[in-house]
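Working notes, beginning with the structure itself.
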Protein chains: 2
Amino acid sequence: MRTEERQIFGEYIKSEGLKETAPRNRILNAFLNSEDHVSAEDIYLLVNRGKRKVGFTTVYRTMKLISDCGLAREVMFDDGIARFEHTLGRKHHHHLICTRCRKVIEFTSKTMEDAEQALLKKNEFELQYHKYEIFGLCKACREQVGHK
Amino acid sequence: MRTEERQIFGEYIKSEGLKETAPRNRILNAFLNSEDHVSAEDIYLLVNRGKRKVGFTTVYRTMKLISDCGLAREVMFDDGIARFEHTLGRKHHHHLICTRCRKVIEFTSKTMEDAEQALLKKNEFELQYHKYEIFGLCKACREQVGHK
DNA sequence: AACGAAATTGAAAATCATTTTCAATATATA
DNA sequence: TATATATTGAAAATGATTTTCAATTTCGTT
C-alpha cells in the first residue's frame, strides 16, 4: 500500500545520494497512515508506539525530506507548531481552524482565487505562496459553548 | 500629537489599576511614530536610541498593553516574529508580503469578504479572526531578480 | 512633602519548538 | 567484505518570547 508515495520517496532518496534506512521508512509510514495536519511530535509519538525507537531529531529531519520530495507541505498556523499535510494528488486549499477543538476544515474557492489573481496583477506582485486561515468555532464547539 | 492614542492608552492604564511610567510612555511614543509592522526588537531599538534605556522585557510587556487597549494588533507572519500594526481608525485588511525585501502591502477586497461570509455560513463556522497572507516578490524585487 | 502599599522594571534564567553538533553506528558501492 | 560516506540520536545550542524576583518607582494617602 501507498506504493506510489513510497516510490517517490525512494527515488528522491536515491537521486540525492542519500540512504534508505529503517527510521526513515518508519517515519514515512507513520506519515502516510496519518490524517492531515500532523506535527513532528504527532509523528514522533506514532512512530514510537512499538519497540524500536526513533529520536526527535530524526523525525524532524525526515519530515523535511518528505516535504522536499513533494509528499508533504509544511503549514504553520499561529500556535508556533509546524504541521504537515499530504500533498500528493490533492489540490491547493486553505483552512478553517477551530480554536477550541483544533479541527481543521479545508476549503477552496474559485471566487477567491480569481480575486487573488486580480490583486496580484494590480500590485505587480509575483506569487510564491499564500495562506488563508480562518480561525473560529466549528459547529460542534459553537453548540457546546452555547453560541447558537 | 497623537493625543487620541495617548488618551486611550492612559485611560486603559487607569481602568486596569496600572501605573503610568516613563518606559511605558517611551514605548508608546516609539510605536505611535513607527510605521506599520514593527517587531518588538524594532521598538526596542527605536526606544533605546537615546540615553535612557528600556529593557526587552518591558518592551514585550508594554506592547501587550498597547495591543490590549486596542491601539495595536499583533500579526504573526511565518518567520516566527510577532509584529504590531496600528489599528486605530484603520479597517481590517490582509497582507502581500515580499519575501525578499520584507515590504508589506495591505489590501482589502469586498469580493473576498463576501466569499468568506458564504463559506462561514456553509460550514456553520463562527469567525474569530482570519489571516490572508500572500508571499512573493514585489515589483522592485522582481526587477532586481530579473523576473520580468 | 513624606509614607507605604502595590505596581514596575530589567537582568538573568526558563520556556518551547526546532536545529545543530558530534561521536557512534549503519548503509551501499567498489 | 572493505571502506567511504551517510545516518542516528543524545545533548547542547538557538532564538523569540516569557517568567522570576529583588530592587526601584508610582501614586493615593497622611
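Each chain gets a letter, A, B and so on, in the order the sequences are listed, and its residues count up from 1.
- None of E106(B), H37(B), E133(B) except one satisfies the side chain to side chain donor-acceptor pair (under 3.5 Å) rule with H95(B); the exception is H37(B).
- Look at T58(B) and you'll find a side-chain N or O under 4.0 angstrom from OP1 or OP2 of dG10(C).
- Taking the six-membered ring where tryptophan is involved, the planes of H94(B) and H130(B) are perpendicular, since the angle between them exceeds 60° and thus also 30°.
- Checked by atom type, the side-chain pair T111(B)/D114(B) shows no donor-acceptor distance below 3.5 Å.
- The distance between atom CG of D79(A) and atom C1' of dA16(D), rounded to the nearest whole Å, is 15 Å.
- Counting to the nearest Å, the C1' atom of dA12(D) and the CZ atom of F56(A) are 16 Å from each other.
- The side chain of Y60(A) places no N or O atom within less than 4.0 Å of a non-bridging phosphate oxygen (OP1 or OP2) of dT19(C).
- R24(A) has a side-chain polar atom (N or O) that falls below the 4.0 Å cut-off from OP1 or OP2 of dT8(D).
- A heavy atom closer than 4.0 Å to some atom of DNA chain D occurs in no member of residues 65-75 of chain A.
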query = Along nucleotides 22-28 of chain C, 5' to 3', which nucleotides get a B, which get an S, and which get a -, given that the test is a protein heavy-atom distance under 4.0 Å?
reply = -----BS

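- Counting heavy atoms from C-beta outward, H92(A) and T108(A) have side chains that stay 4.5 Å or more apart.
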query = Passes side chain to side chain contact (heavy atoms under 4.5 Å, CB included), I66(B) versus M63(B)? Steps please.
reply = CA-CA 5 Å; I66(B) 293 171; M63(B) 288 314 298; 3.9 Å; yes

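- The side-chain heavy atoms of F56(A) and E41(A), taken from C-beta on, include a pair separated by under 4.5 Å.
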